[in-house]
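Residue numbers begin at 1 in each chain, while the letters A, B, ... track the order of the sequences. Computed over heavy atoms, backbone and side chain alike; hydrogens, waters and symmetry mates excluded.
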Number of protein chains: 2
Amino acid sequence: MLERQSRGDSALLQSPQYETNTLGTLLVLEKRQPLFHSAGSADEVYLIESGLALVYRNLPSGQRQILELVQAGDVCGFTDRSRYVSSCYTLTPCIVRRIRQQDVAVSTSVRSAVTQSLRRRLEACHDHIVLLGRSGAEAKVCALLLWLRDLESAASSNRTSFHVPLTRTEIADYLGLTLETVVRTFKDLERRQIIELNDRYDLRIVALEAMRERASQINR
Amino acid sequence: MLERQSRGDSALLQSPQYETNTLGTLLVLEKRQPLFHSAGSADEVYLIESGLALVYRNLPSGQRQILELVQAGDVCGFTDRSRYVSSCYTLTPCIVRRIRQQDVAVSTSVRSAVTQSLRRRLEACHDHIVLLGRSGAEAKVCALLLWLRDLESAASSNRTSFHVPLTRTEIADYLGLTLETVVRTFKDLERRQIIELNDRYDLRIVALEAMRERASQINR
DNA sequence: CGATTCATTGACAAGCATCAAGTGGCGTGG
DNA sequence: CCACGCCACTTGATGCTTGTCAATGAATCG
């Protein structure tokens, strides 16, 4: 794990949207590296500058529920408890600013970034709740795939296929399904030529409109 | 709907937890009164001073998903969009402070109340997501009933039974179930003498431990 | 006192979970 | 370098949980 004190001397730190160049520590993380862990001491918050991470909770039964997918601009680990109640790791390579919990109050720009992120994450959770509460397996999978596609196409456009950074198990844990159901749903979409899989993590949406219809369809 | 300008001359306004006595308009609402509606102009935020309200979204299919139950201290309607994306109404009689969206930034205490509430609501949404994603009907119902009970017993203790302020349909829409499943689950719990119903909205938890076990049980 | 809303109950079917047995790729160590 | 094991996934058979549909009951309201 690369780590260095931030002194505003890196191009990465000159992002104009947050004037937090001199605050916190910049982490350059590979994919699938932990940010914080449930029950750990909640000393720091993590501002994601680039990449995708996920927040999850392990349940007493050994099951896992993925709570959120967090992206650039999001702050996680912000709590008034002494220990984290959920865990977090990166899905893609990430640049993350680690800031002491107590320093959040100091900087106006960090505070407003936190508020902004809380607001956006809350709305994302609302979407997630709708998905979990009122959609069938197919709608869940389609909605997630569309979301991941929009994420990529925002960065690098004109690509016909995109990378799915979650394993089938992670998709299942995000959508409240089993691994097997996720696999079968993928197969179904492939059979009906709505998607194409180059390999398991490289996906092309063939029929975008069919996909959108299915994503907003209510089955249960 | 009672409405009056807040001038700090009412006992209701002297709540010490928020020094917002001179900000916004105080609303005294009956149960089941709307606060704001999806697609309405998002001009104001609503700080709940007492009572319980719910936030929901209507889906294209005509279905409804209840997103959150909000209580004293919570702020809802806070968004950077020009229009609300969800709707909100009271479940119980409520005292609500209505504050112009643009005034939120002005008052330090309001700002910190907003942040505090966003944080708490986000964690509540996480709980909700776990419930929707990883629990069976019985666990969902038990968890909600326990939550409602704790809410009441925090206010007026020593009562053997408590009031359920949601209809069966609302419970279903909160838990991502159908009305029928909720009814059957209630009947089951009653038959096994885990709860008792005086009338449909007056409930007593007979076997608290059995209830807690069921609430954290994973079925699906 | 009909009309409306909300809830109850039963019969049935569908969707998804569970269980079980395999497949395929990848890294490790003999 | 190949065998081995591991991990993530794939595929199939089966059944439970929960949704759907339909008919009825109870409470509220103008």
Side-chain angles (χ1 to χ4, degrees), chain A residues 31-32 54 59 61-66 89 91 131-145 163-191 195 197-203 214 217-220, chain B residues 30-32 54 59 61-66 89 91 131-145 163-192 195 197-203 214 217-220:
Chain A
K31 60 182 179 180
R32 301 186 177 281
L54 66 76
L59 309 180
S61 59
Q63 301 227 60
R64 175 177 67 167
Q65 176 67 47
I66 294 176
Y89 61 86
L91 281 172
L131 212 57
L132 292 175
R134 292 294 183 212
S135 331
E138 195 180 54
K140 287 177 177 178
V141 169
C142 289
L144 176 57
L145 291 180
H163 180 71
V164 177
L166 298 95
T167 66
R168 300 288 185 261
T169 303
E170 284 163 344
I171 293 174
D173 288 342
Y174 180 74
L175 297 175
L177 297 170
T178 59
L179 167 60
E180 293 94 323
T181 301
V182 171
V183 169
R184 282 188 251 270
T185 306
F186 268 82
K187 270 266 134 41
D188 255 34
L189 292 169
E190 212 179 356
R191 199 174 313 124
I195 63 172
L197 288 168
N198 295 330
D199 77 69
R200 282 193 287 228
Y201 301 106
D202 190 31
L203 186 141
R214 276 153 216 270
Q217 196 168 306
I218 315 299
N219 273 345
R220 285 215 337 175
Chain B
E30 293 306 305
K31 61 183 178 180
R32 301 186 176 281
L54 65 77
L59 309 179
S61 60
Q63 300 226 62
R64 175 178 66 166
Q65 175 66 48
I66 293 175
Y89 62 85
L91 280 172
L131 211 58
L132 291 175
R134 292 293 182 212
S135 332
E138 196 180 54
K140 288 177 176 178
V141 169
C142 289
L144 175 57
L145 291 179
H163 179 72
V164 177
L166 298 96
T167 65
R168 299 289 184 262
T169 303
E170 284 163 345
I171 293 174
D173 289 342
Y174 181 75
L175 297 175
L177 298 169
T178 59
L179 167 60
E180 294 93 324
T181 301
V182 171
V183 169
R184 282 189 252 268
T185 307
F186 267 83
K187 270 267 134 44
D188 256 34
L189 292 170
E190 212 179 356
R191 199 173 314 124
R192 301 183 197 189
I195 63 172
L197 288 167
N198 295 331
D199 76 70
R200 280 194 289 225
Y201 301 106
D202 191 32
L203 186 140
R214 276 153 216 269
Q217 195 168 309
I218 314 298
N219 273 344
R220 285 217 333 180

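The residue among A:V182 and A:R200 whose nearest nucleotide of DNA chain C lies closer to the 5′ end is A:V182.
Partner of B:V141 under the side-chain contact (heavy atoms from CB on, under 4.5 Å) criterion, out of B:T181, B:I195, B:T185: B:T185 alone.
Residue B:R32 comes nearest to B:P165 through the heavy atom pair NH2-O, 3.1 Å, listed as atom of the first residue, atom of the second, then distance. Heavy-atom minimum distance, B:L91 versus B:E170: CD2-OE1, 3.7 Å.
The base of D:dT20 lies close enough to the side chain of B:R184 for a donor and an acceptor atom to sit less than 3.5 Å apart. The base of C:dC19 sits within donor-acceptor range of the side chain of A:E180, with an N or O pair under 3.5 Å.
Distance A:L166 CG to D:dC9 C1': 15 Å, rounded to the nearest Å. Between the CG atom of B:L177 and the C1' atom of D:dT20 there is a distance of 14 Å, given to the nearest Å. Rounded to an integer number of Å, the gap from B:F186 CZ to C:dC6 P is 16 Å. For the pair B:I171 CD1 and D:dT18 P, the interatomic distance rounds to 16 Å; values are reported in whole Å. For the pair B:L179 CG and C:dT5 P, the computed distance is 15 Å after rounding to whole Å. B:K140 has its NZ atom 8 Å from the P atom of D:dT18, to the nearest Å. One atom, CG of A:N198, and another, P of C:dG25, lie 15 Å apart when rounded to the nearest Å. One atom, CZ of A:R168, and another, C1' of C:dG24, lie 14 Å apart when rounded to the nearest Å.
Among the nucleotides D:dC9, C:dC6, D:dG19, the one closest to any side-chain atom of A:V183 is D:dC9.
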**Prompt:** What's the verdict on side-chain contact (heavy atoms from CB on, under 4.5 Å) for B:I171 and B:K140, showing C-alpha distance, side-chain angles and the deciding distance?
**Reply:** CA-CA 10 Å; B:I171 293 174; B:K140 288 177 176 178; over 6 Å; no

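Residue-level contact check: A:Y201 touches the backbone only, with heavy atoms under 4.0 Å from sugar-phosphate atoms and none from bases.
A salt bridge is defined here as a Lys NZ or Arg NE, NH1 or NH2 lying under 4.0 Å from an Asp or Glu carboxylate O, and B:D188 with B:R192 meets this definition.
Remark: A:T167 is in phosphate contact with D:dC9, judged by side-chain N or O atoms under 4.0 Å from OP1 or OP2. Between B:T181 and the phosphate of D:dT17, there is no side-chain N or O to OP1/OP2 separation shorter than 4.0 Å.
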